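Since we're looking at a predicted model, the values are computed, not measured. Chain naming here is simple, since letters A, B, ... match the order of the sequence lines and numbering starts at 1 in each.
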Amino acid sequence: METIAEREHEIITDFGLFDTWEEKYQYIIELGQKLPPLDNRYHDDAHKIKGCQSSVWLRCHETDGRIYFEADSDSTFVKGEIALLVNVLSGQRPADVASAELGFIDAIGLRQHIAVTRANGLASMIRQMKTYAIAFESTGGGA
Amino acid sequence: METIAEREHEIITDFGLFDTWEEKYQYIIELGQKLPPLDNRYHDDAHKIKGCQSSVWLRCHETDGRIYFEADSDSTFVKGEIALLVNVLSGQRPADVASAELGFIDAIGLRQHIAVTRANGLASMIRQMKTYAIAFESTGGGA
Amino acid sequence: MTMQAATRAFDVSAARKDFPILDRKVHGKPLVYLDNAATSQKPRSVIDALTKFYTEYNANIHRGVHFLSQQASEAYDAVRGKVQRFIHAGTEREVVFTRGTTESVNLVASSFLKPRLSAGDVVLVSAMEHHSNIVPWQMACEACQASVQVIPMDDTGTLDLEAYRNLLTPAVKLVAVVHTSNSLGTVNPVTEMTALAHEQGIPVLVDGAQAVAHGPVDVQEMGCDFFAFSSHKMLGPTGTGVLWAREDLLESMPPYQGGGDMIASVSFEKTTYNEIPFRFEAGTQNVADVIAFGAAIDYWNGLDRAAAAAHEKNLLAHATSSLESMNGIRLIGRASAKAAVVSFVAGGINALDLGMYLDTQGIALRTGHHCTEPVMDFYGIPGTLRVSYLFYNTNEETDLMIRALDRGISLLSG
Amino acid sequence: MTMQAATRAFDVSAARKDFPILDRKVHGKPLVYLDNAATSQKPRSVIDALTKFYTEYNANIHRGVHFLSQQASEAYDAVRGKVQRFIHAGTEREVVFTRGTTESVNLVASSFLKPRLSAGDVVLVSAMEHHSNIVPWQMACEACQASVQVIPMDDTGTLDLEAYRNLLTPAVKLVAVVHTSNSLGTVNPVTEMTALAHEQGIPVLVDGAQAVAHGPVDVQEMGCDFFAFSSHKMLGPTGTGVLWAREDLLESMPPYQGGGDMIASVSFEKTTYNEIPFRFEAGTQNVADVIAFGAAIDYWNGLDRAAAAAHEKNLLAHATSSLESMNGIRLIGRASAKAAVVSFVAGGINALDLGMYLDTQGIALRTGHHCTEPVMDFYGIPGTLRVSYLFYNTNEETDLMIRALDRGISLLSG
Ligand SMILES: Cc1ncc(COP(=O)(O)O)c(C=O)c1O
Ligand SMILES: Cc1ncc(COP(=O)(O)O)c(C=O)c1O
């Protein structure tokens with residue numbers, strides 16, 4: 001299992017291939033289109049993340065001390081962002097998720113390009129993922 | 001007796017001698033210092049002009065169908081302005097005072113140089129002088 | 001104006017040269033700015049007016065005896081006359097400078113409406129109002145157990161005047177209606193609506209935020225009692241705007257905010273207020289922006305507005321027919337009287353995703369509810385994409401947008 | 001900061017080069033600008049920030065998906081952090097952008113005070129308040145049968161802290177006090193005054209309009225609950241300013257104005273409000289001016305503020321001793337803790353006449369009551385002449401002023 005840092009590094013390398021924001025946008029859209037759907041029964045208020053301009057639902061579970069995320073959104077771009085986060089954080093140890101700094105978001109130039117409201121949405125997603133991780137750290141329960 | 005237009009013309013000629021605002025200012029101060037004082041008993045609310053930043057008292061009377069003004073202020077500069085107005089309007093026929101356009105104020109460059117609050121004060125003085133003139137036109141009474 | 005003048009072609013490339021930002025590139029592509037209903041771009045003369053103020057005669061106004069203060073005061077005060085003539089108000093005394101449309105509406109809600117409002121009273125707004133012409137009334141009504149009622153519209157985004165007539169009951173204390181809708185483009189018959197309200201003795205506020213940039217405004221002809229608009233949507237700077245109010249109503253209103261320059265005299269025992277409009281401009285005014293706003297009005301006065309309006313009509317027609325010919329595009333707002341604003345949805349495609357794709361192509365338009373959530377609720381959609389034009393836009397820009405839209409849709413449908 | 005740093009000479013000629021207006025002539029004479037308490041002049045970087053915004057990235061903020069809107073939003077939002085650090089606030093969420101000090105005070109009067117005010121309650125202000133820190137409280141108190149009471153001062157313009165202590169009764173719902181007086185120059189012991197009020201559980205608003213330009217401000221150290229100031233008095237543009245408020249208090253306050261961007265969602269049935277600080281910024285923000293205000297804060301951060309303060313102390317000492325040595329001059333305001341502001345009267349000579357004479361010499365100072373009429377009533381004078389300094393002023397300018405004053409006095413005594 002790769003570490004968070006290793007996965008971030010891979011994403012940064014991937015994005016290094018793109019010269020323009022258009023290419024990065026398209027790549028994120030592709031990631032969004034490929035993100036496995038979240039079962040419909042989790043599209044409810046309990047799994048909805050507040051503070052995102054688009055609707056975002058997030059669910060997670062723990063297996064063998066590792067935390068796994070699934071998510072969905074009505075926006076393909078947001079799904080792409082989620083895919084990046086899932087890619088980096090899913091399958092990691094809760095403690096590592098809780099303390100991850102996620103420098104790749106700045107490094108791939110995502111933050112400069114997405115509208116502030118979106119950036120806030122991204123921040124909300126990360127916050128929620130970390131909240132789950134912290135909960136697992138202390139209780140080991142599912143969400 | 002010179003007409004209002006003739007008197008305005010003289011003032012414009014006088015001011016034509018001055019190159020700078022400083023000289024005009026000094027000349028107006030001199031006029032203010034030379035303005036005959038208004039008897040103290042007229043320094044009351046009934047004779048006070050509203051809308052001036054400085055205190056201004058104005059009194060007038062009619063003799064032989066002509067209107068005469070006397071005035072005072074705590075500001076020497078305002079007294080100078082009054083002196084100019086008195087010079088132009090005192091001794092004229094009420095009807096002529098009421099309809100006077102007083103273009104000399106712009107012509108001598110007074111308006112550009114005095115603060116807006118002052119300009120409003122000047123406007124208030126003129127308005128009051130005309131109000132008196134209109135009153136005399138219709139009633140012939142004193143104030 | 002003669003027909004001749006009205007049909008003289010508008011020189012759009014000359015106009016574009018006056019707006020420095022239109023030369024810039026975004027993501028390596030020439031900027032296509034189609035978000036004018038959010039805010040307009042600024043001509044060089046407006047930007048220069050700011051620079052000139054701050055480099056030559058910046059000073060606080062109205063109380064200074066010195067030359068700079070005098071010059072600044074005169075320049076500031078002169079804009080009141082410019083605004084008066086621009087909207088054909090009766091006197092300068094009716095022109096209050098505010099922060100913008102939103103504050104103008106809040107001022108009326110607080111100083112005019114609230115003292116007149118009792119439990120059970122009604123403020124009548126239309127179904128297509130901007131949040132700024134809803135929330136202030138809701139806040140005032142909530143405080144007084146009054147309520148906001150809504151003039152309905154049909155599916156084209158046209159107000160139902162029959163329903164409006166029936167809503168004009170004695171309980172109505174104010175009608176507040178938008179002149180030109182920012183999300184639908186609908187131009188409402190405000191003159192007729194005002195006349196109907198006045199028959200019942202009900203005062204009318206018109207939200208002119210969008211109207212002022214799309215054609216001449218004559219508040220006396222319109223007959224309304226209050227008219228609110230923002231500088232930034234009509235070529236001027238952010239941070240200022242206007243409340244125009246009929247003199248007798250303004251005279252009757254208590255001050256809104258307290259502070260410097262709105263007073264006649266202050267003591268701890270008794271404070272008296274200045275006359276209108278100064279009574280409503282507390283504190284240091286936004287001197288620089290008001291002066292630059294004056295430069296914006298000068299720019300409008302130098303423009304062939306009839307030709308500009310004809311050009312905008314043409315832009316609207318071209319955008320409408322181009323979008324109509326695309327598969328899966330649904331136009332939102334199809335009133336017969338419309339300004340150059342086109343809202344649409346693209347099948348099941350997320351508006352934000354599409355807006356972001358257009359952004360990668362240098363095309364700036366707006367996605368979302370455009371601060372008119374009730375309009376989105378009415379159509380049962382979360383939001384629209386909106387292109388909104390000003391006279392400096394071109395049909396070529398629309399064509400670029402349409403091509404990009406086409407590519408974006410296929411990308412996002414994949 | 002070491003003594004070494006504090007005593008390094010301030011390079012005033014370098015600083016002057018940053019302010020284009022200081023090169024101009026007035027009535028053919030070099031401008032001597034001594035009216036900084038009314039408004040400060042602007043460095044080139046602030047003016048350039050405005051030009052850059054309007055020529056490169058003007059857009060409406062917070063709701064736009066396109067690049068310009070994004071760039072504008074980021075620039076605007078970044079200023080909140082700059083303000084937070086400038087006044088040492090705990091979090092950005094405590095920083096509300098307003099039109100200026102006056103609006104900040106009105107916001108507190110309306111959203112904080114009014115809901116907490118009952119008949120018989122008291123707002124305590126000092127005897128040297130600016131009208132903007134009197135009238136809003138009078139308006140709120142009038143509506144609730146509460147009253148404004150006054151902390152007295154002595155003849156030097158120093159507040160009577162003993163009297164203040166006794167005035168802090170349970171009826172007092174707020175203390176509102178000026179940090180640095182604009183007409184007297186007095187620097188009040190706001191930290192101590194806040195502590196005394198807090199002992200009685202009374203919240204404190206500090207009017208920082210003058211303070212921010214004369215030295216570092218630390219709201220947490222000061223301990224106050226609200227702090228209000230204006231951009232235009234601290235090198236920034238007109239039209240914006242700040243209300244800083246303790247997070248818990250701000251959270252507890254209902255919105256001030258309604259409109260776009262201050263809402264979470266709007267429907268005709270139910271509207272919910274955005275979180276702080278956005279809840280208090282209704283409508284299109286003054287984007288350009290806030291961004292340029294950020295440039296002003298950058299300028300302060302680049303300045304050797306300790307050296308600038310020492311320079312201002314020197315300016316004050318020189319002006320005070322020069323004026324003291326003149327016949328017939330009476331200084332108004334002689335507190336031991338004073339900013340570089342000197343008010344005076346010249347025997348029986350009318351202040352406006354003298355101010356106008358100084359203007360003919362290119363010297364800009366202020367005459368009148370400086371929006372502090374109660375201060376003038378206290379001293380039994382109609383107004384003063386006031387010279388007010390900023391770090392870019394020089395002793396040579398004071399000398400020019402003194403010589404002109406001398407000539408003006410003989411001219412007017414003649
Ligand atoms: C001490 C003080 N308080 C409040 C104000 C009001 O500030 P503004 O007019 O910028 O709102 C001023 C300046 O005019 C001031 O000097
Ligand atoms: C129709 C309409 N009304 C009101 C407003 C509010 O204007 P502002 O945000 O400039 O106060 C806007 C623009 O945002 C608008 O389009």
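In this structure, chain D has no heavy atom under 4.5 Å from any part of C:Gln149. In this structure, chain D has a heavy atom under 4.5 Å from the side chain of C:Asn106, while its backbone stays farther away. Interface remark: D:Tyr256 contributes backbone and side-chain atoms alike to the contact with chain C (heavy atom separation under 4.5 Å). Only the side chain of D:Gln138 comes within less than 4.5 Å of a heavy atom in chain C; its backbone stays farther off. Looking at D:Pro254, there are no atoms closer than 4.5 Å to chain C (heavy atoms on both sides), in backbone or side chain. In this structure, chain C has a heavy atom under 4.5 Å from the side chain of D:Val125, while its backbone stays farther away. Only the side chain of D:Tyr33 has a heavy atom closer than 4.5 Å to any heavy atom of chain C. Heavy atoms of C:Thr98 lying under 4.5 Å from chain D belong exclusively to its backbone. No part of D:Ser231 comes within reach of chain C, as not one of its non-hydrogen atoms sits under 4.5 angstrom from that chain. Only the side chain of C:Val150 comes within less than 4.5 Å of a heavy atom in chain D; its backbone stays farther off.
The two residues D:Leu352 and C:Val65 have their closest heavy-atom pair at CD2-CG2, 3.8 Å. The shortest heavy-atom contact between D:His27 and C:Phe67 is CE1-CD1, 3.5 Å. Looking at every heavy atom in both residues, D:Gly258 comes nearest to C:Pro136 through O-CG, 3.5 Å. Taking each heavy atom of C:Phe268 and D:Pro374 in turn, the nearest pair found is CE1-CB, 3.5 Å. Pairing each heavy atom of D:Ser69 with each of C:Arg366, the nearest pair is OG-NH2, 3.8 Å.
One distance of note links CD of C:Gln257 with OG of D:Ser110; it measures 9.0 Å at 0.5 Å rounding. In this structure, C:Ile363 CD1 and D:His66 NE2 are separated by 12.0 Å, a value rounded to the nearest 0.5 Å. One finds the OH atom of C:Tyr57 at 10.0 Å from the CD1 atom of D:Ile21 (value rounded to the nearest 0.5 Å). Taken to the nearest 0.5 Å, the CD1 atom of D:Ile134 stands 9.0 Å off from the OG atom of C:Ser267.
Heavy atoms of other residues, nucleotides or ligands lying less than 6.0 angstrom from NZ of D:Lys29 number more than 12. Within a 6.0 Å sphere centred on CD of C:Glu142, other residues, nucleotides and ligands contribute 12 heavy atoms or fewer.
For the pair D:Val287 and C:His232, the minimum side-chain heavy-atom distance is 4.5 Å or more. Looking only at side-chain heavy atoms (C-beta outward), D:Met139 and C:Tyr273 come within less than 4.5 Å of each other.
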Report the C-alpha distance between C:Gln70 and D:Asp359 in whole Å, list the side-chain angles of each, state the deciding distance to 0.1 Å, and finish with yes or no for side-chain contact (heavy atoms from CB on, under 4.5 Å). CA-CA 11 Å; C:Gln70 154 92 9; D:Asp359 174 56; over 6 Å; no
Would you sort out whether C:Arg99 and D:Gln285 count as a side-chain contact (heavy atoms from CB on, under 4.5 Å), showing the intermediate values? CA-CA 9 Å; C:Arg99 189 193 354 259; D:Gln285 297 81 351; over 6 Å; no
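Residue with the most contacts toward chain D among C:Thr284, C:Thr367, C:Thr51: C:Thr284 (heavy-atom pairs, distance under 4.5 Å). Most heavy-atom pairs under 4.5 Å with chain C: of the set D:Val266, D:Thr55, D:Ile47, this distinction falls to D:Val266. Contacts with chain C were tallied for D:Ile263, D:Leu50, D:Val46; D:Ile263 has the most, counting heavy-atom pairs under 4.5 Å. When the candidates D:Thr238, D:Thr102, D:Thr271 are compared by the number of heavy-atom contacts under 4.5 Å with chain C, D:Thr238 comes out ahead. The candidate from C:Asp289, C:Val105, C:Asn133, C:Thr101 with the greatest count of non-hydrogen atom pairs under 4.5 Å with chain D is C:Asp289. Note on C:Pro237, C:Gly362, C:Gly100: by heavy-atom pairs under 4.5 Å with chain D, the leading option is C:Pro237. Of the listed residues (C:Gly368, C:Gly260, C:Gly355, C:Ser230), the greatest number of heavy-atom pairs within a distance under 4.5 Å of chain D belongs to C:Gly260. Per-residue counts of heavy-atom pairs under 4.5 Å with chain D were compared for C:Ala364, C:Ala288, C:Cys371; the largest is that of C:Ala364. For the options C:Ala140, C:Ser265, C:Ala282, heavy-atom pairs under 4.5 Å to chain D are most numerous at C:Ser265.
Remark: of the listed residues D:Asp35, D:Leu31, D:Thr39, D:Leu31 is the sole one forming a side chain to side chain contact (heavy atoms under 4.5 Å, CB included) with C:Leu68.
A distance-only check finds a donor-acceptor pair linking the side chain of C:Asn58 to the backbone of D:Ser40 [under 3.5 Å].
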